[in-house]
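Chain A is the first sequence line, chain B the second, and so forth, proteins listed ahead of strands; every chain is numbered from 1. Predicted, not measured: the structure shown is a model, and the values here were computed from it.
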Amino acid sequence: MADPRAALLPLFRAAIGAAFGAEHADTDPALRPSAHADYQVNAALALAKRLKRPPREVGTAIVAALPPNEIIERTEVAGPGFVNVWLSLGHLSQELAAVAATPSLGVVPAPRPDTVVLDYSSPNVAKEMHVGHLRSTIIGDALARVLEALGHRVVRQNHLGDWGTPFGMLIEHLLDGGAEAAEHSIADLNAFYQAARQKFDADPAFAERARRRVVMLQGGDEGTLALWRRLVDASKRYFARVYALLGITLGDADIAAESLYNPMLAEVVAELRQQGLAVESDGATCVFPPGFTGREGEPQPLIVQKQDGGYGYATTDLTALRYRLRTLGATRLIYVVGAPQSQHLAMVFRAAELAGWLAAPARAEHVAFGSVLGADKKMLKTRAGDTVRLIDLLEEAVTRARAIVDDKSPELEPDERAAVARAVGIGAVKYGDLASDRVKDYVFDWARMLAFDGNTAPYLQYAHARIRSIFRKGGVSVPEPGAIALAAPSERALALAVLSFPTVVGEVGELLAPHKLCGYLYELATSFSAFYEHCPVLKAPTEAERRSRLALADVTARVLARGLELLGIEAPARM
RNA sequence: GCGCCCGUAGCUCAGCUGGAUAGAGCGCUGGGCUUCGAACCCAGAUGUCGGGGGUUCGAAUCCCUCCGGGCGUGCCA
């Protein structure tokens, strides 16, 4: 109820019903935030058409029919028929006090919580994590946090690529004398992978051994499996280190690797065959979901069993989907996967619907995202043209942030500067990724993401630290939130921004659009800056105003910190 | 060829299920530190919303079409 919109909506619904009768009672009041007032109601223009009455007259009738209440201070009918609404100060301060009194800051649990199975990050065993994993990991983790805040049960699934033909050559190369490599860091394993690859391409005898080794691996040969596990375990340890540095909530318990589904693949294919969905085509077993065509307009297959009897990723994806629905009890399946895979996923979802696995109320959604580009507008690479290692990127972020912190805040102890540099550097990378519409590509630009101006993590962190600084400086604690009284325009604007937090979090959870939370936090921070400029806090004219402003500043800081936390970004008290 | 995505100020991007003069940041111009963190703030200039049709009282937003760019389009994942 924190957001005034939640209180206003029923009032306007009632007014429309009372003014125009039951047949119009379910008309959406079209309540929106307004540049001309606190909020505006746009329903009069649409209603005027149906009622064949002038829109302004309709607006006036709506206002006249409003039930008595303590919420609305005043209204006006403006322009062609917009109803502008201003809230009463009493209501605002009351709601603000209520929000300030709760740790959730007004975010209320969903009435019907979903079991959300969230697929994100998904690196490959025995391969370095690179920029290609950045977006899925960051976006997925932010969504996990947001959905949990909304009271949903979130089951994270890190779909590790731990299976498939490359492991034949990796294991053979391991046996060829690189045995100690698996005990070393994944950086060695990465070179290890490249060496294996090179041998595979150049040496037919090695390639043949690799193929046989794949068969042994898939056949469950114990010695082969032992070698495979060494690769997997070394990789898991490495991923854990990267996640720790990035501040990602994925742990070992969230790993649901491809190999988990191996025992279920044959059964899934059998079931699809039984249903008549999977049919033979060119020696392979395929499902042809309607509506998908290939180059020549022919039906596009989902290959669930290859000519050689092996299973590809389509089978694994279908099996994982079924497992998530049946075993994990998912009501909402979310895949944080790059946009290029949208057709593949659409086909998998469609096939799952045809098989009867995916059915309402359960739903599956592809959270698609664009690419990370370099300054040349092409996929981000190193100067040498190699893929950028994620760990290098993150370490550079911290190093760059450290240089800024050393320069701006030499008074902080070295340990604190290091912690702040980490929060700022990692936060900048994450926020830079989350701040724009995920479906678009974005250009990776250190200067822009680390800037203290504009819609960046450092700007938000700075706004937060300035608020905390007020309390440090004043040596004061947070007053009772009941003390909040709003007088100045910038106080009122800030209060409205604070109260919008729950609505925004809800939207982000529904639309799976973290950039809306970023945009909101940026507006909140700019609202605070204006307030801070115009309204002295510690030196407020009266004690009552001082207490009110302290309380308002505190609840703002908490929303900023909580919002950043939902994005996976730290908010240091000093920086 | 077909399918999906993108095209908004010089640059980077917002614009919520259509709503009032299309908004921010950077950059540019001009201001503000003996007063709570100037890592900041205030003011100003800047647009054929890719083009053209259509629906609507009203379109950046919905529909159609064209142009430009990206991605996908059977045994890699």
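The side chain of Phe82(A) lies closest to rG19(B) when the candidates are rG74(B), rG19(B), rC36(B). When distances are taken from the side chain of His515(A) to each of rG74(B), rG15(B), rA20(B), the shortest belongs to rG15(B). Checked against rG19(B), rC13(B), rG25(B), the side chain of Ala46(A) finds its nearest nucleotide in rG19(B).
Looking at residues 541-552 of chain A, you'll see that no heavy atom sits under 4.0 Å from any atom of RNA chain B. Contacts between residues 304-314 of chain A and RNA chain B, counted as heavy-atom distances below 4.0 Å, involve Lys306(A), Gln307(A), Gly312(A), Tyr313(A). Residues of residues 365-380 of chain A that place a heavy atom closer than 4.0 Å to RNA chain B, in numerical order, are Lys377(A).
Asp441(A) comes within contact range of the sugar-phosphate backbone alone, with a heavy-atom separation under 4.0 Å but no base atom that close. The residue Pro340(A) sits close only to the backbone: its heavy atoms come under 4.0 Å of sugar-phosphate atoms, none of a base. Using a 4.0 Å heavy-atom criterion, one finds that Cys518(A) contacts no nucleic acid atom at all.
Figure legend. rG7(B) is base-paired to rC67(B); pairs are counted as Watson-Crick or G-U wobble with both atom distances under 3.5 Å. Judged by Watson-Crick or G-U wobble contacts below 3.5 Å, the nucleotide rG1(B) has rU73(B) as its partner. Pairing partner, rG58(B): none, since no Watson-Crick or wobble contact has both distances short of 3.5 Å. With a 3.5 Å ceiling on both atom-pair distances, rU48(B) lacks any Watson-Crick or G-U wobble partner.
Under the salt bridge (charged side-chain N to carboxylate O under 4.0 Å, His left out) criterion, the residue pairs touching residues 455-470 of chain A are Arg468(A)-Asp554(A), with sequence neighbours excluded. Evaluation of the salt bridge (charged side-chain N to carboxylate O under 4.0 Å, His left out) test over residues 287-315 of chain A, restricted to residues two or more places apart or in two chains, returns none.
For the residue pair Ala463(A) and Phe528(A), the shortest heavy atom distance occurs at O-CE2, 4.3 Å. Taking every heavy atom of both residues into account, Asn158(A) and Tyr120(A) meet most closely at OD1-O, 3.5 Å. Nearest heavy-atom pair across Ala37(A) and Val85(A) is CB-O, 3.5 Å.
Mapping Asp28(A) and Ser34(A) onto RNA chain B via the closest heavy atom, the residue that lands nearer the 5' end is Asp28(A). If you find the closest nucleotide of RNA chain B to Asn455(A) and to Ala78(A), the one lying nearer the 5' end belongs to Ala78(A).
In the model, Tyr522(A) has no side-chain atom that pairs as donor or acceptor with a side-chain atom of Ser527(A) under 3.5 Å. Using modelled atom types and a 3.5 Å distance limit, the side chains of Thr542(A) and Glu545(A) yield a donor-acceptor pair. Side-chain contact, His344(A) with Asp317(A): a donor N or O sits under 3.5 Å from an acceptor N or O.
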Detail all sub-3.5 Å separations between protein N/O atoms and N/O atoms belonging to nucleotides 67-69 of chain B.
none

Distances under 3.5 Å between nitrogen or oxygen atoms of protein and nucleotides 2-10 of chain B:
{"from": "rG7(B)", "atom 1": "OP1", "to": "Lys440(A)", "atom 2": "NZ", "distance (Å)": "2.9"}

Might you list the N or O atoms of the protein lying below 3.5 Å from N or O atoms in nucleotides 39-42 of chain B, with each pair's distance?
{"from": "rA39(B)", "atom 1": "N6", "to": "Ser409(A)", "atom 2": "OG", "distance (Å)": "2.1"}
{"from": "rA39(B)", "atom 1": "N6", "to": "Met575(A)", "atom 2": "O", "distance (Å)": "2.8"}
{"from": "rC40(B)", "atom 1": "OP1", "to": "Phe452(A)", "atom 2": "O", "distance (Å)": "2.2"}
{"from": "rC40(B)", "atom 1": "OP1", "to": "Asp453(A)", "atom 2": "N", "distance (Å)": "3.2"}
{"from": "rC40(B)", "atom 1": "OP1", "to": "Asp453(A)", "atom 2": "OD1", "distance (Å)": "3.0"}
{"from": "rC40(B)", "atom 1": "OP2", "to": "Asp453(A)", "atom 2": "OD1", "distance (Å)": "3.3"}
{"from": "rC40(B)", "atom 1": "O2'", "to": "Arg466(A)", "atom 2": "NH1", "distance (Å)": "3.1"}
{"from": "rC40(B)", "atom 1": "O2'", "to": "Arg466(A)", "atom 2": "NH2", "distance (Å)": "3.3"}
{"from": "rC41(B)", "atom 1": "OP1", "to": "Tyr459(A)", "atom 2": "OH", "distance (Å)": "2.7"}

Check: How far apart are the C-alpha atoms of Tyr532(A) and Thr556(A), what are their side-chain angles, what is the distance that settles it, and do they pass the side chain to side chain donor-acceptor pair (under 3.5 Å) test?
Finding: CA-CA 11 Å; Tyr532(A) 184 79; Thr556(A) 302; over 6 Å; no
Check: Does the pair Asn84(A) and Glu76(A) meet the rule for a side chain to side chain donor-acceptor pair (under 3.5 Å), with working shown?
Finding: CA-CA 5 Å; Asn84(A) 289 335; Glu76(A) 79 176 6; 3.0 Å; yes
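In this structure, the side chain to side chain contact (heavy atoms under 4.5 Å, CB included) partners of Glu280(A), at least two apart in sequence or on a different chain, are Arg273(A), Thr285(A). Under the rule for a side-chain hydrogen bond (donor to acceptor under 3.5 Å, both in side chains), the partners of Thr27(A) that lie at least two apart in sequence or sit in another chain are Arg50(A). Listed by chain and residue number, nothing satisfies the side-chain hydrogen bond (donor to acceptor under 3.5 Å, both in side chains) test with Glu258(A) (two or more places apart in sequence, or in another chain). Partners of Asp433(A) according to the salt bridge (charged side-chain N to carboxylate O under 4.0 Å, His left out) rule, which considers only residues two or more places apart in sequence or in another chain, are Arg135(A).
Nucleotides rC62(B) and rU56(B) are separated by 10 Å at their C1' atoms, to the nearest Å.
Separating the CG atom of Leu160(A) from the C1' atom of rA77(B) is a distance of 14 Å, rounded to the nearest angstrom. Going from atom CZ of Phe528(A) over to atom P of rG37(B) covers 10 Å, rounded to whole Å.
Here the options are Arg324(A), Gln157(A), His366(A), the test is side-chain hydrogen bond (donor to acceptor under 3.5 Å, both in side chains), and the partner is Asp119(A); only Arg324(A) passes.
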